[in-house]
Amino acid sequence: MKILNFGSLNYDHVYEMEHFVLPKETISSINYSRNFGGKGLNQSIALAKAGMEIYHAGRVGSDGQDFIDYLNRYNVKTDYLLKDENEATGHAIIQVCKGQNCIILHGGANQKVDDKQVDEVLSHFEKGDVLLLQNEISNIAYIMKKAHEKGMKIVINTAPMDDKIFTYPLEFVDIYIVNEVEAAGLVKTKTNDEKEIIQLIQKQYPNSKVVMTVGEKGAYFIGDDKVIHEDAKKVEAIDTTAAGDTFTGYFLASYLDDNDPIKALKIATLASSITVQGKGAAKSIPSIEDLK
Ligand code: RIB
């Protein structure tokens, strides 16, 4: 079984702030750094650090060689990562304040993934292989359709959540990994009551497994006619960027190994509790040794 993550890569411009900038306000940051990020890249790094062999497909711009080198440093396979000489790599503007963040995305090359690239990449994969997706690249519906035709298993982290999600062939999804806001979006409810959201998930997505993180309240696995909950670890968050990506990578690595959702929730919860104690996205993702 091979794992393919077809996902985004961003330069993260991170500004530490006294408070998030408000309309009509101009304020200075306390600190600035530029890091490797993008939900796709972060999740590939998390999977690799969790010990999985992972192929990352996607698109960077003419300035994107550093991403290829960075992924290779962590043994992520980049054979299917395309360098688009006519585009700039995607980027994110991230404000961080008191452990919270807010993010502006500019897709750049991430939004240039086309049918030709998808067909080429998927020609290297077959029945039983796993496809991981987020919602930060173009042409996701086509990727899902083609992967399903091949018999690949489809896992999607519907972040960032928007209405485009409902144009995707969601009937092909085997596993969703979402936070509580994305979960509420998926079942089209305004409630933030976890129990209600879970019931709606069971009703509306009976053929998929859904993993729902609920921040400091932990995470749920909903599927196989059961609901399993794991508490979050109590830690002080410095920067929550990539916590969800760490959770996704570690959950998947463990779950694909032995189909044990309890064990997978435990390891993913632990890994993301370490990520929030470090600054930055990919660079704050722990290794298996850190977890031990
Ligand atoms: O999940 C965190 C990521 O979201 C950041 O690295 C940023 O690039 C955005 O994609």
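Basis for what follows: all heavy atoms, side chains included, without hydrogens, waters or symmetry-related copies. Just so you know, ligand 1 is whichever comes first in the structure, and atom 1 is the first atom listed for that ligand.
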> For F166, is the NZ or CZ atom of K188 found under 6.0 angstrom from the centre of its six-membered ring and inside 45 degrees of the ring axis?
Replying inline: yes

> Cationic tip of K2 within the cone over Y55's six-membered ring, i.e. under 6.0 Å and within 45° of the normal?
Replying inline: yes

> In the hydrophobic cluster built from side-chain contacts under 4.5 Å, what are the other members alongside F20?
Replying inline: none

>> Going by salt bridge (Lys or Arg N to Asp or Glu O under 4.0 Å), name the pairs with one or both residues in residues 212-226, residues two or more places apart or in two chains.
In response: E194-K217, K209-D224

> After noting the C-alpha distance and the side-chain angles of L186 and Y176, does the key distance pass the side-chain contact (heavy atoms from CB on, under 4.5 Å) rule?
Replying inline: CA-CA 10 Å; L186 262 188; Y176 291 90; 3.7 Å; yes

>> Using a 4.5 Å cut-off between side-chain heavy atoms of Ile, Leu, Val, Met, Phe, Trp and Tyr, which other residues end up in the same hydrophobic cluster as V21?
In response: Y15, M17, I27, Y32, I93, I104

>> With a 4.0 Å heavy-atom cut-off, what residues sit around ligand 1?
In response: N10, D12, G37, G38, K39, N42, A92, I103, L105, E136, T241, A242, D245, A281

